[in-house]
Amino acid sequence: MSDGRRVYFDDLFDSYSTIVGSNFVTLYDVRLRLTRFSESLAELIGLDSPYLEDGVYDWIEYIHPEDRDVYDAAMEEMFALRKKNYDITYRVRLRDGDYTLFRLIGGVIRDESGHPGVIGGMMIPSGIIERTDRVTSMRNLQAFLDDMMDSEICDENTSFLLIGFGRMTHINEVYGYGHGNRLLIKVSEILDDIIDGRGEIYRTSGSKFAISFFDISDEEIMDIYKKIQARFREGVKMENGIVHNLFAYGGYIRFEEEIEANRSIYDCLVHSYNESKRYRHGELVLYHGSNVREMSIKESLTMIRDIRESINRDFEGFYLMYQPVFAEYSEPPIGAEVILYWKNDKYSVVRSDEFLSEIEQDYIYERLSSWLLKNAFRDARGFYSKYPDFRLFITVTQSQIWTPYFVGVIEEFAHEYGFPIDSVYIQIDRESRLLTVEKIIEFSKILKKRNISFGIDDFARGNAYLKVFSSTKPDFVRFSDELVSDLSDDTNMIILSHLVEMSASCGTDVYIKGIKDKATGDGLKRLPVSGFQGEYYSRPVYYDEVLAYYDSKNTDN
């Protein structure tokens, strides 16, 4: 970084702040990739410093997911010099985690070569958090959360229903967003007619609507949900005569005891909605607590709340472990899979599969994802220094696949910590195979274009894996634990052998996990397998324990 350039940037910022007389100034230096905010603005947003080192990847985390396309489009126009000024509005996350609406007015200053040099202007806060949905005029997600918090306590008389409708993305692509918005208005009117004052309706995001009920029975809610499903299956007729038949999905929370109102309630409501959409074909799903631990609804919601608070306390209690991958038992590992854990005095050690699905749709998940990547690549640099052929395996979720800049973040951290990008192995989890094949193909192409290996985790589990395999031609697959749980059965061994041979014949590397004993490991050695994982080889270990493998073994063999 040029010291002279930094002095020029700071002087420009101070001069601009004086001229416009505002406490809410922000400037981005293209050459330094550095953003500076006014002290008061940094304090409002919750930044540790008035400086943000990367104005693209770091700042976009603070923008509401639904508004990021507005920011991206404006920056693209600025960088291309198609526009020299901008006046845009989007929502920004504040220190307390809530979003507020900001109006940004600014422009671009070109450098001596005529290219964009500095971009910025004033960020003007609306003063209040927007609580009305712009499309349907219903109250929005922020209003839903505020109303819930204002009540302070949810008790046995309180219930929440979350409803969403399929095909909206397709309708927007085919007919345009104007048509899609007019459809949402009709949807909101129909819902209002069906609810008929028995609950408060909010449009939360996309095609999802939350409904809060007080003093209503499970039978009444089920009856309402069935009426909603039947009505929208009949179709919604538009003014141009087009009829859209919509399929409804639903998640539902009923409280059996008093629970402190908090954001985790909505996270768990979304979790039950996703289960209805992904696995239950629209059946109304009641949230009943953790799917992993035997916990009540109250205990589960409290744990999710505590996890959220830990993330906001600089990821307190979170740490990474690594499941080594071996080519041969007597050799040091050829790589390792990163695994996320959270430790707390109340809950002891909590695996990521006990809470990720509840927070996956929340903005805090992006922060946790970024933290995981940063720390994993920092550790990977140490592994790489000991063993230059080290491979880092990272499992990604649907939310990460949908995030447009996710692969860019991987590249950024790999470059920052000096880890070779062609030694990064990204594998989609089993839920990701529920995405459209087209989306998975698109994601795999982005990875391969950047020399990142693409793979499928839990391969051969579920009925969609062959279609995904043939469509994406993955670099590697990992077979699920279920396929190696009982290889003493000849039938199981024959099935696994054919699947491994098929994958290898297609030029795909095969990794097998869940190996618990020597007999299973020895039985698999005759197959064309690139790597092995499981208790027989190693449990998940800490960073320094992985290094110990390389320090104690001859890696030249």
Side-chain angles (χ1 to χ4, degrees), residues 136 138 141 144 159-175 180 183-196 198-199 201-213 216-238 242-254 265-289 291 297 357-358 360-361 397-399 401-402 429-440 461-464 467:
T136 64
M138 282 186 161
L141 174 59
F144 174 73
S159 304
F160 298 118
L161 175 64
L162 184 65
I163 293 176
F165 301 92
R167 298 190 67 245
M168 283 303 302
T169 300
H170 172 75
I171 290 170
N172 285 331
E173 290 175 351
V174 173
Y175 298 96
L183 175 58
L184 281 173
I185 293 172
K186 288 184 175 292
V187 167
S188 67
E189 292 171 348
I190 294 170
L191 283 176
D192 190 49
D193 184 56
I194 294 174
I195 298 302
D196 193 25
R198 287 176 288 179
I201 309 175
Y202 308 78
R203 185 198 171 199
T204 57
S205 64
S207 65
K208 292 196 286 291
F209 295 81
I211 308 171
S212 61
F213 295 100
I216 188 171
S217 68
D218 288 339
E219 291 75 17
E220 288 176 286
I221 290 181
M222 179 58 71
D223 181 61
I224 289 172
Y225 182 69
K226 288 180 178 178
K227 287 180 179 178
I228 290 171
Q229 283 189 311
R231 173 62 185 84
F232 284 99
R233 276 199 298 265
E234 292 174 4
V236 180
K237 188 174 183 178
M238 305 296 289
I242 296 175
V243 177
H244 295 294
N245 304 98
L246 301 178
F247 194 84
Y249 308 96
Y252 166 48
I253 288 183
R254 167 176 289 282
I265 292 174
Y266 184 71
D267 292 338
C268 295
L269 189 59
V270 173
H271 170 75
S272 60
Y273 165 84
N274 285 335
E275 186 173 340
S276 170
K277 184 175 181 179
R278 295 173 182 176
Y279 307 110
R280 302 287 191 88
H281 306 290
E283 176 187 342
L284 183 61
V285 174
L286 173 65
Y287 184 77
H288 52 74
N291 291 325
I297 294 175
S357 60
E358 272 87 348
E360 186 181 347
Q361 306 299 320
T397 64
Q398 288 194 42
S399 295
I401 293 173
W402 276 111
D429 65 1
R430 76 180 71 164
E431 281 76 18
S432 296
R433 294 200 302 277
L434 297 173
L435 293 167
T436 63
V437 174
E438 290 74 21
K439 184 61 184 178
I440 298 175
R461 184 172 185 170
N463 57 12
K467 187 175 182 180

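It should be emphasised that the depicted structure is a prediction, and the values quoted were computed from it without experimental measurement.
- Proximity of Met168 to Leu183: side-chain heavy atoms (C-beta onward) are separated by under 4.5 Å at one or more points.
- Here the straight-line distance linking atom OH of Tyr266 with atom CD1 of Ile253 works out to 11.0 Å at 0.5 Å rounding.
- Surrounding NZ of Lys226 are at most 12 heavy atoms belonging to other residues, nucleotides or ligands under 6.0 Å away.
- Ser212 and Phe144 make their closest contact through CB-CE1, 4.5 Å (heavy atoms, listed as atom of the first residue, atom of the second, distance).
- Side chains of Gln398 and Arg278 form a contact here, defined as non-hydrogen atoms less than 4.5 Å apart.
- For the pair Ser276 (side chain) and Gly250 (backbone), a donor-acceptor distance under 3.5 Å is present.
- Separating the CZ atom in Arg231 from the CG atom in Asp193 is a distance of 8.5 Å, to the nearest 0.5 Å.
- The minimum heavy-atom distance linking Arg167 with Asn245 is given by the pair NH1-O, 3.6 Å.
- Closest of all the heavy-atom pairs between Ala248 and Ile163 is CB-CG2, 4.5 Å.
- Classification of the Phe165-Phe209 ring pair by plane angle, with boundaries at 30° and 60°, yields perpendicular.
- A heavy-atom distance below 4.5 Å is found between the side chains of Tyr175 and His244.
- Counting heavy atoms from C-beta on, the side chains of Asp223 and Lys227 come closer than 4.5 Å.
- The two residues Gly251 and Ser272 make their nearest non-hydrogen contact at CA-OG, 3.3 Å.
- Remark: aromatic rings of Tyr252 and Tyr225 are distant, center separation not under 6.0 Å.
- Counting heavy-atom neighbours within 6.0 Å of Lys208 NZ, excluding the residue itself, gives a total above 12.
- A side chain to side chain contact (heavy atoms under 4.5 Å, CB included) with Val187 holds for exactly one of Leu246, Thr136, Ile228; it is Leu246.
- Looking at heavy atoms from C-beta onward, Glu219 lies out of side-chain contact with Met222 at the 4.5 angstrom threshold.
- Here the NE2-CZ distance, from His281 to Phe247, works out to 8.5 Å after rounding to the nearest 0.5 Å.
- With contacts defined as side-chain heavy-atom distances shorter than 4.5 Å, the pair Asn274/Ser357 does not qualify.
- Listed here is the closest heavy atom pair of Leu269 and Phe160: CD1-O, 3.6 Å.
- Residue Asp192 comes nearest to Met138 through the heavy atom pair CB-CE, 4.5 Å, listed as atom of the first residue, atom of the second, then distance.
- Interatomic distance, Ile224 CD1 to Arg198 CZ, rounded to the nearest 0.5 Å: 4.0 Å.
- Listed for the Arg203 side chain is a donor-acceptor partner under 3.5 Å among the backbone atoms of Gly206.
- Of the possible polar contacts, none joining the Ser159 side chain to the Phe213 backbone as a donor-acceptor pair under 3.5 Å is found.
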